[in-house]
Amino acid sequence: DALGSDWQAALDGLDKNVNAVAVELKDASGKIHYGSKVQGAIDCGAVAGNSTSDTAIQGLVDSDYYTIGRISTLHDSLYAYEHMTDAAVCQYVTDIVTECAQMGFDELLLDDFHYPREGRMSRIKTDERTMTQQEALALLADDIHTALEQAGYKGKLSVSVDADIALAGSEANSGIVMSELTEKFDRVYVKVTADQLESVTEAMKAYDVEFVPIVTEATDSGSYLIEK
């Protein structure tokens with residue numbers, strides 16, 4: 001956790017072969033781990049960061065490491081993720097992503113960029129939809145790209161996908177169709193087990209996008225993100 005008070009010690013303690021660091025800026029509960037100024041985040045009590053975390057983030061992005069800011073986008077119990085086709089929710093997500101980009105991260109990784117796959121699905125209102133789930137995700141991705149371009153962000157925009165979806169190519173509840181989603185992002189990250197790595201790597205060859213596995217320990221070759 002590079003955002004704690006001992007963030008510099010944490011960085012100093014990393015393996016010498018590590019060249020990139022990923023930081024969770026917004027988690028799946030909706031909590032934001034920096035001092036967000038987005039009014040919607042303040043109003044719903046999502047801001048959990050403070051000056052200490054902000055200082056740590058600034059120190060991290062100013063370091064020699066390649067920095068990745070991870071943002072849970074659409075799994076958010078604090079800001080009504082059940083209604084993610086609402087303009088206000090899409091604007092909220094876009095504002096958070098843009099704010100994170102302005103911190104100076106080399107890459108932004110969008111986690112949970114999909115409709116809920118399980119849980120209390122009956123809470124999700126479908127009668128008010130004016131577009132399909134796939135169309136809603138594509139529109140949100142486009143809105144984020146536009147906002148980042150207007151903000152002058154030059155880094156990469158990436159997305160994470162569950163391994164079973166990467167293997168299947170699509171999943172109805174989530175709204176993800178891999179052939180469409182991969183066109184919107186620079187990289188696709190997939191959390192895999194050691195047994196899944198080979199098959200997911202093979203499946204991802206079907207798409208014109210850089211694939212990065214999320215693993216628990218270093219792999220023999222290629223880029224990877226270790227998640228502890």
Side-chain angles (χ1 to χ4, degrees), residues 1-3 7-8 10-11 14 17-27 32-41 46-47 49 51 53-74 76 87 89-114 136-161 166 176 178-191 204 207-214 222-227:
D1 180 5
L3 297 184
W7 63 272
Q8 186 60 61
L11 291 182
L14 291 175
N17 295 319
V18 171
N19 58 14
V21 177
V23 176
E24 186 174 57
L25 301 174
K26 178 175 178 287
D27 65 30
I32 297 171
H33 300 288
Y34 64 89
S36 177
K37 301 299 189 295
V38 173
Q39 194 59 50
V47 182
S51 59
S53 55
D54 292 349
T55 298
I57 289 171
Q58 191 60 54
L60 177 61
V61 298
D62 289 342
S63 73
D64 293 333
Y65 288 102
Y66 181 87
T67 54
I68 304 169
R70 299 188 68 170
I71 306 162
S72 178
T73 50
L74 295 175
D76 188 337
V89 175
C90 293
Q91 187 61 56
Y92 176 71
V93 171
T94 301
D95 288 346
I96 293 295
V97 174
T98 304
E99 185 176 59
C100 292
Q102 292 169 335
M103 296 177 189
F105 284 92
D106 298 302
E107 180 176 349
L108 298 176
L109 172 54
L110 307 187
D111 295 316
D112 305 311
F113 193 81
H114 56 78
L137 292 178
L139 179 60
L140 178 55
D142 288 341
D143 286 349
I144 290 172
H145 273 291
T146 298
L148 293 179
E149 183 178 351
Q150 292 175 347
Y153 183 63
K154 303 299 183 182
K156 294 182 182 294
L157 182 65
S158 303
V159 68
S160 66
V161 176
I176 290 178
M178 290 294 294
S179 60
E180 298 176 5
L181 187 74
T182 53
E183 294 179 352
K184 303 292 185 181
F185 295 94
D186 298 305
R187 288 175 171 168
V188 173
Y189 289 70
V190 183
K191 186 174 183 177
M204 290 302 299
Y207 311 109
D208 185 22
V209 68
E210 184 178 352
F211 160 60
V212 181
I214 301 176
S223 299
Y224 52 85
L225 177 64
I226 295 178
E227 186 175 76

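Start at 1 with the first residue, then count along the sequence.
- The nearest pair of heavy atoms linking Met103 to Val61 is O-CG2, 3.5 Å.
- No side-chain heavy atom of Leu139 sits under 4.5 Å from any side-chain heavy atom of Cys90.
- For the residue pair Thr67 / Glu107, no side-chain donor-acceptor distance below 3.5 Å is found, with atom types taken as modelled.
- Just one of Asp111, Val161, Ile214, Leu225 meets the side chain to side chain contact (heavy atoms under 4.5 Å, CB included) condition when paired with Lys191; it is Ile214.
- In terms of heavy-atom proximity, Phe113 sits nearest to Val159 at CB-CG2, 3.6 Å.
- Salt bridge status for Glu149 with Lys154: absent, with no side-chain N to carboxylate O gap under 4.0 Å.
- Salt bridge status for Asp76 with Lys26: present, with a side-chain N to carboxylate O gap under 4.0 Å.
- Between Tyr34 and Val23 the shortest side-chain heavy-atom distance does not fall below 4.5 Å.
- Here the closest non-hydrogen pair linking Gly69 and Phe105 is N-CD2, 3.4 Å.
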**Prompt:** Should Thr98 and Tyr153 be marked as a side-chain contact (heavy atoms from CB on, under 4.5 Å) after you check the CA-CA gap, both sets of side-chain angles, and the distance that decides it?
**Reply:** CA-CA 8 Å; Thr98 304; Tyr153 183 63; over 6 Å; no

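- Classification of Lys184 and Asp142 as a salt-bridged pair holds, one side-chain N sitting under 4.0 Å from a carboxylate O.
- Under 3.5 Å, the side chains of Asp54 and Gln58 contain no donor-acceptor pair of N or O atoms.
- Put simply, the side chain of Leu25 does not reach to within 4.5 Å of the side chain of Ile32, judged on heavy atoms.
- With rounding to the nearest 0.5 Å, the separation of CG in Leu110 from OG in Ser158 is 8.0 Å.
- Counted within 6.0 Å of CG on Asp62, heavy atoms from surrounding residues, nucleotides or ligands total more than 12; the atom is thus considered enclosed.
- A pairwise comparison of heavy atoms in Ala141 and Phe185 identifies CB-CZ, 4.2 Å as the closest pair.
- With a 4.5 Å cut-off on side-chain heavy atoms, Asp208 and Thr182 do not count as touching.
- Residues Ile71 and Ile96 form a side-chain contact, since some pair of their non-hydrogen atoms from C-beta on lies under 4.5 Å apart.
- Minimum heavy-atom separation, Ala166 to Met204: CB-SD, 4.2 Å.
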**Residues Tyr66, Asn19; criterion side-chain contact (heavy atoms from CB on, under 4.5 Å); working and verdict** = CA-CA 6 Å; Tyr66 181 87; Asn19 58 14; 5.6 Å; no

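- Residues His114 and Leu74 come closest through the heavy atom pair O-CB, 3.7 Å.
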**Request:** Walk me through it: do Leu109 and Ser160 pass the test side-chain contact (heavy atoms from CB on, under 4.5 Å)?
**Result:** CA-CA 7 Å; Leu109 172 54; Ser160 66; 4.2 Å; yes

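- Remark: the Ser72 side chain and the Asp112 side chain contain an N/O donor-acceptor pair separated by less than 3.5 Å.
- Of the possible donor and acceptor atoms, one in the side chain of Glu99 sits under 3.5 Å from a partner among the backbone N and O of Lys37.
- Salt bridge annotation for Arg70-Glu24: absent, with no cationic side-chain nitrogen under 4.0 angstrom from a carboxylate oxygen.
- When side chains are defined from C-beta on, Thr146 does not count as touching Thr94, because their heavy atoms never get closer than 4.5 Å.
- Taking CD of Glu183 as the reference point, atom OH of Tyr207 lies at 11.0 Å (rounded to 0.5 Å).
- Between Pro213 and Tyr189, the closest side-chain pair of non-hydrogen atoms is not below 4.5 Å.
- Put simply, the side chain of Lys156 does not reach to within 4.5 Å of the side chain of Ile68, judged on heavy atoms.
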**Request:** Could you walk me through whether Asp95 and Val93 pass side-chain contact (heavy atoms from CB on, under 4.5 Å), step by step?
**Result:** CA-CA 5 Å; Asp95 288 346; Val93 171; over 6 Å; no

